[in-house]
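Here the structure is a predicted model, which means the values were calculated and not measured.
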Amino acid sequence: MGRNLRCVLFGLAVVGAVCLLVFTRGKGVLVKNVDVESREPSTGTTQDSNAPTGTDSQRVNSSNAGPKSCSCNHSSDSISPFGGSGAEDRRATGLPADPTGIDNGRSAVGSRVVLLTSMRTGSSFIGEIFGRNDDIFYLFEPGLALLTELHSQGALFLQPIYMDMLSAIFHCNTSSLNFYIKWLSRQYPLEVKKKVPRLFDLVCYKWPTGRTGLACRKIDADLFERKCREKRHIAVKSIRIWDIGMFQPLIQDGNVKLKVVHLVRDPRGMTASRVLAMNFVDSTMKQTRGGFIHG
């Protein structure tokens, strides 16, 4: 009797385990079907409130099972949360046709980069890398123009004024930068190529036959603004910012996506390079003074 009872209990346990396994697998299929359906694009129809749910929904899915054709388009433009063409869906929802700004050849507003550094850190070399990128409107030390202008008026170089200058540059607005445009126009051709490389090919040219070297015409504000707006990114290299807190107004400006690259160098190599540079400047000044005295 006891042996028969144990067999019956064992049989019930096996049947219960099998039922639990079947129920769990069925529940997993149901969840999977619902998840797939929720990812499919809406057809604009409303769901009947009396639609079968639970196990009834599972039976409906099972009865309709069969081979289904997939009209998936695996092109890069078809990757969209709405199904179909990504660009078309974004236009239909009022979103930008291409958030990257590449759609239809349009340029999106990119980053505004400041290469913040000190003297003799290799910043000119790093800045030239920015200048070689055709998608970047790069400017080398625009603070030099402000320093020259203020010194000519007997004033000191003030960083708040320099921040206003950088803000105008980052907005491609030259209404307050006449002194900067004139300063660029006075530069030698190779200096133009270094300080504003995107304008070099537009304003500089070779001398006519019989003469060697290059010449540059004056840079006008309209050309500066046009090329500035054509490029997606704007980068400025500067050693004349001593307090990083001065960037706060630019950071708070919603139209300026400011990025600061702080370039540092081993102070031993930087100091050694400065000594050589200062010795060269000192010897050059002595030779110039001697030439003036003996001339």
Side-chain angles (χ1 to χ4, degrees), residues 110-170 177 179-180 183-184 186-200 228 231 233-253 256-291:
S111 301
R112 305 302 188 245
V113 182
V114 174
L115 181 58
L116 177 63
T117 183
S118 301
M119 291 178 58
R120 318 307 295 180
T121 56
S123 58
S124 297
F125 171 74
I126 302 300
E128 189 175 347
I129 296 177
F130 281 91
R132 292 297 182 94
N133 192 321
D134 290 336
D135 204 24
I136 297 177
F137 188 76
Y138 171 71
L139 299 174
F140 175 91
E141 296 290 351
L144 281 172
L146 181 61
L147 180 65
T148 303
E149 179 69 15
L150 292 176
H151 280 189
S152 66
Q153 300 179 10
L156 297 177
F157 182 86
L158 299 176
Q159 289 203 11
I161 302 178
Y162 189 29
M163 291 298 108
D164 292 339
M165 180 183 181
L166 291 181
S167 179
I169 290 174
F170 288 151
L177 300 179
F179 71 95
Y180 182 45
W183 181 80
L184 287 175
R186 294 195 300 265
Q187 303 299 308
Y188 291 108
L190 293 182
E191 289 297 315
V192 172
K193 186 175 184 179
K194 177 181 180 180
K195 292 179 171 61
V196 55
R198 295 284 79 79
L199 300 183
F200 174 75
C228 178
K231 303 305 178 181
H233 309 286
I234 301 175
V236 171
K237 177 258 181 183
S238 180
I239 63 172
R240 288 168 174 80
I241 302 174
W242 305 290
D243 182 6
I244 198 172
M246 301 302 295
F247 288 117
Q248 184 175 357
L250 293 175
I251 294 174
Q252 294 174 344
D253 189 342
V256 177
K257 300 177 182 179
L258 184 65
K259 298 182 183 298
V260 179
V261 179
H262 191 191
L263 178 64
V264 296
R265 181 186 177 186
D266 187 326
R268 295 169 295 183
M270 186 172 62
T271 302
S273 180
R274 285 186 181 184
V275 169
L276 292 176
M278 293 302 103
N279 288 340
F280 175 78
V281 171
D282 185 58
S283 63
T284 302
M285 292 181 63
K286 288 181 179 180
Q287 291 177 5
T288 303
R289 292 172 181 172

- Quickly, which of Leu116, Val261, Thr117 forms a side-chain contact (heavy atoms from CB on, under 4.5 Å) with Ser123? Name it, please.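 Going through Leu116, Val261, Thr117 one by one, the side-chain contact (heavy atoms from CB on, under 4.5 Å) with Ser123 is satisfied by Thr117 alone.
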
If I compare all heavy atoms of [X] with all of [Y], which pair ends up nearest, and what's the gap?
X: Asp135; Y: Lys231; value: O-CB, 3.8 Å
X: Val192; Y: Leu184; value: CG2-O, 4.0 Å
X: Cys228; Y: Ile234; value: SG-CD1, 3.5 Å

Spell out, as yes or no, whether a donor-acceptor pair under 3.5 Å connects the side chain of [X] to the backbone of [Y].
X: Arg274; Y: Arg120; result: no
X: Lys195; Y: Pro142; result: no
X: His233; Y: Ile136; result: no
X: Ser167; Y: Met163; result: no
X: Asn279; Y: Val275; result: yes

- Between Phe130 and Tyr138, how do the two ring planes meet: parallel, tilted or perpendicular, split at 30° and 60°?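 Geometry flag for Tyr138 against Phe130: parallel rings.
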
Rounded to the nearest 0.5 Å, how far apart are [atom1] of [X] and [atom2] of [Y]?
X: Leu146; Y: Tyr162; atom1: CG; atom2: OH; value: 8.0 Å
X: Leu139; Y: Leu199; atom1: CG; atom2: CG; value: 8.0 Å
X: Thr271; Y: Arg265; atom1: OG1; atom2: CZ; value: 9.0 Å
X: Ile241; Y: Ser118; atom1: CD1; atom2: OG; value: 11.0 Å
X: Gln248; Y: Leu258; atom1: CD; atom2: CG; value: 12.0 Å
X: Lys193; Y: Glu128; atom1: NZ; atom2: CD; value: 8.5 Å

Would a 4.5 Å heavy-atom cut-off, applied to side chains only, mark [X] and [Y] as touching?
X: Phe179; Y: Thr148; answer: no
X: Phe137; Y: Ile169; answer: no
X: Ser124; Y: Phe140; answer: yes

- Message: Please determine whether side chain to side chain contact (heavy atoms under 4.5 Å, CB included) holds for the pair Val256 and Phe247, giving the CA-CA distance in whole Å, both sets of side-chain angles, and the decisive distance to 0.1 Å.
- Response: CA-CA 11 Å; Val256 177; Phe247 288 117; over 6 Å; no

- Item | Lys/Arg-Asp/Glu bridge criterion (N-O < 4.0 Å) met for Arg198, Asp134 | yes

- Does atom CD1 of Ile251 have more than 12 heavy-atom neighbours, drawn from other residues, nucleotides or ligands, at distances under 6.0 Å? yes

- Query: How about Phe157: does its CZ atom have over 12 heavy atoms from other parts shown lying under 6.0 Å from it?
  - Reply: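 Yes, CZ of Phe157 has more than 12 neighbouring heavy atoms, counting only those of other groups under 6.0 Å.
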
- Message: By the salt bridge (charged side-chain N to carboxylate O under 4.0 Å, His left out) test, which pairs, at least two apart or in different chains, include something from residues 137-155?
- Response: Glu141-Lys237, Glu141-Arg240

